[in-house]
Amino acid sequence: MAELQEVQITEEKPLLPGQTPETAKEAELAARILLDQGQTHSVETPYGSVTFTVYGTPKPKRPAIFTYHDVGLNYKSCFQPLFRFGDMQEIIQNFVRVHVDAPGMEEGAPVFPLGYQYPSLDQLADMIPCILQYLNFSTIIGVGVGAGAYVLSRYALNHPDTVEGLVLINIDPNAKGWMDWAAHKLTGLTSSIPDMILGHLFSQEELSGNSELIQKYRSIIQHAPNLENIELYWNSYNNRRDLNFERGGETTLKCPVMLVVGDQAPHEDAVVECNSKLDPTQTSFLKMADSGGQPQLTQPGKLTEAFKYFLQGMGYMASSCMTRLSRSRTASLTSAASIDGSRSRSRTLSQSSESGTLPSGPPGHTMEVSC
């Protein structure tokens with residue numbers, strides 16, 4: 001009797017019972033991101049290559065946290081203190097994160113050749129769909145600082161259905177006027193590019209104090225091997241178009257927005273003006289005391305609390321422990337609701353370490369929250 005031979009036949013791409021090719025593709029993508037955790041990727045766009053780093057795995061029916069940094073920084077120097085903060089871990093365990101580096105800002109980036117046409121901020125926003133298509137993500141919650149806040153806002157205006165929420169730190173939605181241009185040109189005659197960028201990032205009080213943080217970031221910018229690239233990004237920021245926000249008009253952000261600025265920050269007036277132009281039922285304004293020009297660097301704990309409550313207000317992390325900020329604000333809203341029977345979502349949160357009381361006032365006005 002001839003000896004029987006065992007032959008194993010396998011499918012080229014085996015599917016689980018009931019699994020469609022589409023779900024198999026999603027599972028494959030999730031597995032790839034899990035293996036590539038913290039790995040950097042690059043995709044080609046109509047305006048050049050863009051680099052981004054992915055952490056975590058996609059969660060069903062949850063958007064990705066999508067960050068965009070400011071001029072003079074990259075995703076690490078802009079966001080690491082915030083996302084490495086202890087209380088932030090509860091958030092990042094529930095969301096996949098995508099950290100974008102503007103072209104030429106990533107670590108080890110080569111200097112662009114002389115005459116290279118750097119993308120405008122509008123074109124940087126137009127690169128984002130290529131990233132989301134590569135990752136097969138449908139929606140995001142954007143977190144942007146300065147120029148990055150502008151880029152994410154422009155993207156949200158163009159693709160409102162893909163943005164579930166925005167956290168905008170130090171946003172200036174206005175184009176430079178003639179007076180701004182004159183001041184910028186005059187400053188350029190007496191100050192170096194690193195000094196001008198430091199003046200954009202930090203308050204004059206911080207720069208005069210020359211703290212360890214200021215010394216660190218001054219060294220980062222002054223000794224950056226890609227300083228020529230940074231100058232190109234800086235020029236694109238200074239040539240930005242007006243976002244033309246209009247309260248009650250068609251040009252507005254249609255998702256929940258949290259505006260954040262530090263007290264005495266260089267962009268305080270611009271953020272206050274931006275708040276006045278957005279839908280008050282969708283916008284929170286958080287002015288942070290003792291935070292200077294970069295709240296995500298100097299006050300990561302307070303910003304984490306605010307971000308956690310922002311996510312809870314969007315319907316995510318409902319079982320999360322309430323923070324001091326959310327408890328204070330919940331109590332304030334409950335009191336206000338008992339006065340007129342309605343809840344207003346227009347609010348300004350001013351965090352202060354000097355006051356320990358919650359002042360009373362008519363509903364819909366400024367709320368002072370102590371943290």
Practice task
For D195 and S192, test the side chains for any donor-to-acceptor distance below 3.5 angstrom and give the result as yes or no.
Solution key: yes
Completion exercise
Rounding to 0.5 Å, atoms CG (L259) and CG (L278) come to a distance of 6.0 Å
Handout entry: Heavy-atom check, side chain of M127 versus side chain of P119, under 4.5 Å
Key = yes
Handout entry: Y75 side chain near V100 side chain, heavy-atom distance below 4.5 Å
Key = no
Practice task
Rounded to the nearest 0.5 Å, what's the gap from CD1 on I92 to CG on D87? Could you check?
Solution key: 11.5 Å
Practice task
Test the R97-F66 pair against the cation-pi criterion, namely NZ or CZ under 6.0 angstrom from the six-membered ring centroid and within 45° of the ring axis.
Solution key: no
Problem - Minimum heavy-atom distance between A175 and D242, given as atom pair plus value - result: CB-N, 3.5 Å
Handout entry: Heavy-atom donor-acceptor pair, Y118 side chain to P103 backbone, under 3.5 Å
Key = yes
Handout entry: Side-chain heavy-atom pair L73, F79 within 4.5 angstrom cut-off
Key = no
Problem - Polar side chain donor-acceptor pair, T40 to T53, under 3.5 angstrom - result: yes
Handout entry: Close aromatic pair by centroid cut-off 6.0 Å: F52 and H41
Key = yes
Problem - Nearest atoms (heavy-atom pairs only) where Y233 meets A147 - result: OH-CB, 3.5 Å
Practice task
May I ask you to decide if L132's main-chain N or O and N136's side chain share a donor-acceptor pair within less than 3.5 Å?
Solution key: no
Practice task
Please identify each residue that fulfils salt bridge (charged side-chain N to carboxylate O under 4.0 Å, His left out) with E268, with sequence neighbours left out.
Solution key: K287
Exercise for the section: Please name all residues satisfying side chain to side chain contact (heavy atoms under 4.5 Å, CB included) with N210, sequence neighbours left out, ordered by chain then number. Expected result: I214, Q215, R218
Handout entry: Carboxylate-amine/guanidinium contact R241 D122, below 4.0 Å
Key = yes
Practice task
Taking the side chain as every heavy atom from C-beta outward, state whether E273 and N174 have any atom pair closer than 4.5 Å.
Solution key: yes
N/O donor-acceptor pairs under 3.5 Å from side chains in residues 105-117, not counting sequence neighbours:
unit_1 : atom_1 : unit_2 : atom_2 : d
E106   : OE1    : G104   : N      : 3.3
E107   : OE1    : K76    : NZ     : 3.4

Handout entry: Side-chain (K59) to main-chain (T57) donor-acceptor, under 3.5 angstrom
Key = yes
Exercise for the section: Decide side chain to side chain contact (heavy atoms under 4.5 Å, CB included) for I65 and V96; before the verdict, give the C-alpha distance in whole Å, the side-chain angles of both, and the deciding distance to 0.1 Å. Expected result: CA-CA 6 Å; I65 293 176; V96 62; over 6 Å; no
Problem - Q282 (side chain) donor-acceptor with D279 (main chain) under 3.5 angstrom - result: no
Problem - Flag for T162-Y155: side-chain donor and acceptor within less than 3.5 Å - result: yes
Practice task
Take L243 and R154, measure what side chain to side chain contact (heavy atoms under 4.5 Å, CB included) needs, and give me the verdict at the end.
Solution key: CA-CA 7 Å; L243 288 175; R154 176 64 73 186; 3.5 Å; yes
Fill in the blank from the handout: CD of E164 to OG1 of T139, rounded to nearest 0.5 Å, is 4.0 Å
Problem - Neighbour count above 12 (heavy atom, 6.0 Å) for K216 NZ - result: no
Practice task
Say whether S208 and E205, considering side chains only, have a donor N or O and an acceptor N or O under 3.5 Å apart.
Solution key: no
Problem - Nearest non-hydrogen partners of L168 and A149, listed with the distance - result: CD2-O, 3.7 Å
Problem - Polar contact flag, side-chain donor to acceptor under 3.5 angstrom, Q296-Q294 - result: yes
Exercise for the section: Tell me yes or no: between the side chains of N170 and H200, is some donor less than 3.5 Å from an acceptor? Expected result: no
Exercise for the section: Check for a donor-acceptor pair, side chain of H69 on one end and backbone N or O of S77 on the other, with a separation under 3.5 Å. Expected result: no
Handout entry: Under the ring pair (Phe, Tyr, Trp, His ring centres under 6.0 Å) test, residues paired with Y150 that sit two or more places apart
Key = none
Problem - Side-chain heavy-atom pair T67, V98 within 4.5 angstrom cut-off - result: no
Exercise for the section: For the pair N275 (side chain) and V271 (backbone), establish whether a donor and an acceptor sit closer than 3.5 Å, ignoring hydrogens and angles. Expected result: no
Practice task
Verify the distance criterion only: is there a donor paired with an acceptor across the side chains of T251 and E246 at less than 3.5 Å?
Solution key: no
Practice task
Determine yes or no for a side-chain-to-main-chain donor-acceptor pair under 3.5 angstrom, with E206 supplying the side chain and S211 the backbone.
Solution key: no
Exercise for the section: Run through V50, V151, L152 and flag the one making a side-chain contact (heavy atoms from CB on, under 4.5 Å) with L124. Expected result: V151
Problem - Distance in Å, Q312 CD paired with I91 CD1, rounded so as to fall on 0.5 Å steps - result: 8.5 Å
Problem - ring pair (Phe, Tyr, Trp, His ring centres under 6.0 Å) against F83, all qualifying residues, sequence neighbours excluded - result: H99
Practice task
Please list, chain by chain and in numerical order, all residues satisfying salt bridge (charged side-chain N to carboxylate O under 4.0 Å, His left out) with D172, sequence neighbours excluded.
Solution key: R240
Practice task
Quickly, which of L303, V260, L286, T298 forms a side-chain contact (heavy atoms from CB on, under 4.5 Å) with S291? Name it, please.
Solution key: T298
Practice task
Taking the side chain as every heavy atom from C-beta outward, state whether V261 and I169 have any pair of such atoms under 4.5 Å apart.
Solution key: no
Practice task
Report yes if the side chains of V143 and F307 come closer than 4.5 Å at any heavy-atom pair, otherwise no.
Solution key: yes
Exercise for the section: Would you sort out whether T51 and S42 count as a side-chain hydrogen bond (donor to acceptor under 3.5 Å, both in side chains), showing the intermediate values? Expected result: CA-CA 4 Å; T51 300; S42 295; 3.0 Å; yes
Handout entry: Close side-chain approach of F137 and P58, heavy atoms under 4.5 Å
Key = yes
Fill in the blank from the handout: When every non-hydrogen atom of G38 is compared with those of Y55, the smallest separation belongs to CA-CE2, 3.5 Å
